[in-house]
**Q** 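I'd like to ask some things about the structure below.
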Amino acid sequence: MPGRISRVTGHTTLDLVEGEAVGADWSAEALGVLDATAARREPDHVELRVELDGTDLAGVEGLHPHADVLRLTPEQARAVAEDLRSHADRVAAASRDPTTGDVNAD
Amino acid sequence: MPTDVERWKEDVYGEEIREHIERFAKAGFDSIPDDERDAWFERFKWYGLYHQRSGQESYFMMRIGPPGGVLKPGQFRAVAEIARDFATGPVENPEFGNGYLDVTTRQAIQLHWINLEDVPEIFDRLEEAGLSTQQACGDSWRNIVGCPVAGKDEAEFVDARGLADDLHDRFKGDDAHANLPRKWKVSVTGCHEGCGQGDINDLAFEPAEAERDGETVRGYNVRVGGGLARNEPRIAKDLDVFVTPEEAVDVAGAVSALFRDRGDREDRYNARVKFLVDEWGIEKFRRVLVEEYVDGDLAPAGRDLRETYSYNAGGAGAGDRGRAEPDRGHADHVGVHAQANGDNYVGLNVLVGRIGVDDALALADAAETHGSGEVRLTQRQNVILTDVPDDAVPDLRDEPVLDRYSPDPHPFQRGSIACTGTEFCSLSIVETKNRQVRFARWLRANVDLPDDVEDFHVHLSGCTASCAQPQIADVALRGMKTRKDGEPVEALDIGLGGGLGEDPTFARWVVQRVPVDEVPGAIASLIEAYAERREGTESFREFVAARDDEALADLIEPAETSYEDPFMHNTKRTWYPYAEEDALEDSPAPTAPDDTPLRSDD
C-alpha cells in the first residue's frame with residue numbers, strides 16, 4: 001500500500017527530490033518529498049522530514065511506506081543549513097561552464 | 001501556549017470583523033499594514049474572504065454558503081450578476097473567460113478576483129438577495145450541507161431542509177459557537193440515497209426511526225468525526241444517539257460546545273474533531289457529551305437507512321450491489337426526477353463546478369421560465385432547477401444553455417470533480433480545473449465504458465488537502481510533481497475504488513507521480529482492463545475491491561496519447577497559470593479594483 005504518509009501541498013519545501021534507500025546489502029532509487037518546518041505554536045525544534053515514494057520501494061521486502069522525521073535543535077538546523085549552502089556552492093561551481101561562467105543546471 | 005491564529009482570534013473575531021473589512025475597503029487594500037496582513041487575512045475568512053495566493057496579492061476569493069445548497073428564486077441570478085460585475089481579473093481563463101462562479105463540494109459558490117474595495121457593495125447586494133458570506137470559511141460553523149432536494153424528493157424519509165435551516169439560523173452568528181478550534185462541517189441527510197455525505201463531516205445527522213412512547217418516530221442518528229483532509233481521512237463514527245428533528249438543534253449545540261471546549265487549540269494540525277474522537281474513542285466522546293453538555297440522557301441510535309445509500313457510492317448502493325440501476329437510488333442528482341408534488345427537479349451537470357457568468361444568467365432565466373426560479377447546488381458541483389412541471393420539461397431541455405449543462409451528460413463529464421488548483425490556491429501543487437475539463441473531453445472521445453456503467457467518478461485534487469474529495473471517487477487523482485525527459489513536470493498520484501454508501505471505503509493509492517499528459521492514457525488502460533475482466537455486471541468499485549494493490553498497479557499503463565496538456569510546467573511558480581507572461585515577477589498584483597498595479601518598483 002503505497003499511500004503517502006506526509007501531507008504534500010504548495011507549502012512543502014520540495015515535492016520532487018531524487019534519492020535512494022540504502023541497506024546493508026541493498027539499495028533502491030526513489031523519488032521523494034522533503035519538508036523542513038517548525039510548529040506554529042511555541043516551536044521547540046525544527047522538523048526535517050523525508051519520505052521516499054512507496055511505489056519506488058515496493059520491491060524491497062519488509063520496507064513499508066514510511067516517512068523519516070528528524071527533530072533538530074536550532075543549532076543543528078543551522079549547521080545543516082550551513083553545510084547545505086557550502087556544498088551547494090561547490091556543486092554549482094563544479095557545474096559552471098569554464099568559458100562563460102554560466103551554471104550548467106536545469 | 002496558543003497558536004498565532006488563536007491569538008489573532010482572541011483580539012478580533014466573529015461579527016466585529018466586518019467593520020474592519022469595511023474600514024480597509026474604504027481606505028483601499030494598501031491601508032492594511034504589511035505586518036498585520038497575516039492576522040487580518042486569517043480573520044477575513046470568517047466573513048467568507050480568502051486572500052488569493054502569492055502573485056495575486058490584493059485579490060480575494062469570496063464564498064457564499066446557502067444552507068443545503070438551496071438558492072431561493074432570484075438568489076442565483078443575484079450571485080451571477082455579482083460575478084459579472086466584480087469577479088473579473090487581469091487575465092482571462094482560456095476555458096471559462098473572465099467572470100465565472102464555482103459550485104463547490106459543500107454546496108457553496110466561490111467567486112475569484114474580488115477586490116477588497118468592492119466588498120461592502122457586494123455584501124449589500126447579497127443581503128438584499130437574502131444571502132451572506134458569514135462563516136463560509138474560518139474556524140466555525142461552515143455551510144451546512146445536506147440533501148439538495150430536501151422537501152422536494154418524492155422518496156424522502158425526513159425533510160432535511162427544515163433542520164439545515166434551523167441549524168443555520170441557530171448557530172450562524174451565535175457568539176458561543178463563533179470561535180471554534182477549527183472548521184466545523186455539519187451535514188443533514190433525510191433521504192434513502194445518503195446524498196448529504198454525512199460520513200465525511202465533523203457532525204452528521206442521518207435519517208433513522210426509533211420507538212418513542214410506543215410509537216415509531218422519524219428523526220436522525222448522529223455521527224461524529226468524519227473528514228478527508230490532512231492526508232488522514234476518517235469515516236464519521238456512530239455516536240449511538242437518536243434525535244427527533246425537534247431535539248436535533250440542541251444536540252448539535254452540545255456537540256459543537258464540546259468541540260469548542262475540548263478540541264486542540266494548540267496544534268491546528270490536530271484540531272479537527274476527528275482527532276479528538278481518535279484520542280478519546282467514541283464511547284468516551286458520548287459519555288462526556290451526556291455528562292457535561294446535555295440535560296438528561298440521550299436516546300440510543302435508531303434504525304438507519306444506510307443499506308440503501310447510493311449517492312457517490314460507486315455502484316455499491318441499494319438493491320443489486322453490482323451496478324447502477326435506475327430503480328436502485330441515484331448516485332447523483334443529474335437528470336429529470338419526480339418531485340413529491342408532481343413537478344420535476346432537473347439536475348444539470350456542471351463540469352468541474354464552474355459556470356461562466358453569461359451561462360449562469362441563462363440558467364437563472366431557464367429556472368425562472370420553466371420552474372420556480374429556485375436553483376439548488378449539489379455536493380457533486382452540479383446545479384438543480386426545481387419545480388418544473390411535466391409539460392415544461394421538453395422546453396427546458398431545448399434551452400441552448402443545456403447543451404453545455406446537460407441533464408444527460410456522458411459519464412466522464414458527469415463524474416468529474418476538481419478543486420480550485422494552482423489557478424488561485426496556495427496549497428495546490430498542480431493546475432486542476434482546466435485540466436479536468438480536458439481529461440473529461442478526451443476520455444469521452446477516446447474511451448468506451450461498458451454500456452451499463454452510468455456513473456464513473458474521477459476526482460482531481462491539487463494536493464493532500466483533498467478539497468475535491470478524491471478518496472471517495474472511482475479514480476482519485478492527487479497533485480504531485482515528477483521528472484520527464486529531464487524536466488520537472490506536474491504529475492498525479494492515482495488511487496482507485498473509493499466511495500460512500502452503506503460501507504464507505506477510501507480509494508487505495510496504487511501508483512504515484514504519473515506525468516499529467518500520461519494520465520488519460522493510464523485511465524484508458526485501466527478501463528479497458530475493467531471492461532475485459534469484470535465479472536458480469538461487477539461495478540468498478542467491486543472490481544477494485546477484488547484485487548490487491550500490485551494487481552491494480554499492473555492494470556494502469558501510463559502512456560502519451562493524442563491528449564495534450566498545456567499546463568505541464570510548474571504552475572505553482574507562476575502568478576497565474578494562463579497568463580501569456582506567467583512568471584511571478586510579471587504579476588500586476590497588488591492592483592486597484594480596475595486591475596492596474598498599485599505600486600511600482602521605481
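This is a predicted model, so every value here is computed, not measured.
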**Q** Closest heavy-atom contact between B:Pro488 and A:Leu16?
**A**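 So the minimum-distance heavy-atom pair works out to CB-CD2, 4.1 Å.
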
**Q** Might you point out which heavy atoms bring A:Val8 and B:Thr464 nearest each other, and give the distance in Å?
**A** N-OG1, 3.0 Å

**Q** Any sub-3.5 Å donor-acceptor pair from B:Arg483's side-chain atoms to A:Val17's backbone N or O?
**A** no

**Q** What distance do A:Ile5 atom CD1 and B:Glu232 atom CD have between them, rounded to the nearest 0.5 Å?
**A**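 It comes to 9.5 Å.
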
**Q** Counting only non-hydrogen atoms closer than 4.5 Å, does B:Asp493 touch chain A with its backbone (N, CA, C, O), its side chain (CB onward), both, or neither?
**A** side chain

**Q** Any side-chain heavy atom of B:Met480 within less than 4.5 Å of one from A:Val33?
**A**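 Of all side-chain heavy-atom pairs linking A:Val33 with B:Met480, at least one is under 4.5 Å.
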
**Q** Around atom NE2 of A:His45, are there more than 12 heavy atoms of other residues, nucleotides or ligands at under 6.0 Å?
**A**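 More than 12 within 6.0 Å, yes.
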
**Q** Answer with side chain, backbone, both or neither: which region of B:Arg268 has an atom nearer than 4.5 Å to a non-hydrogen atom of chain A?
**A**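 Just the side chain, heavy atoms under 4.5 Å.
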
**Q** Of B:Ile429, B:Val430, B:Asn570, which meets side chain to side chain contact (heavy atoms under 4.5 Å, CB included) against A:Asp15?
**A**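 Output: one option passes, namely B:Ile429.
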
**Q** Once rounded to the nearest 0.5 Å, what's the spacing between atom CG of A:Asp53 and atom CZ of B:Arg513?
**A**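 Answer for the CG-CZ pair, A:Asp53 versus B:Arg513, is 4.0 Å.
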
**Q** Using a heavy-atom cutoff of under 4.5 Å, enumerate the residues of residues 73-88 of chain A that contact chain B, numbered in order, or state 'none'.
**A** none

**Q** Non-hydrogen atoms of chain A under 4.5 Å away: do they reach the side chain of B:Thr482, the backbone, both or neither?
**A**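 It is both, since atoms from each part get that close.
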
**Q** Measuring from A:Thr9:OG1 to B:Lys572:NZ, what's the distance to the nearest 0.5 Å?
**A** 8.0 Å

**Q** Got more than 12 heavy atoms from elsewhere within 6.0 Å of CD, A:Glu29?
**A**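 At most 12 heavy atoms, drawn from other residues, nucleotides or ligands, come within 6.0 Å of this atom.
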
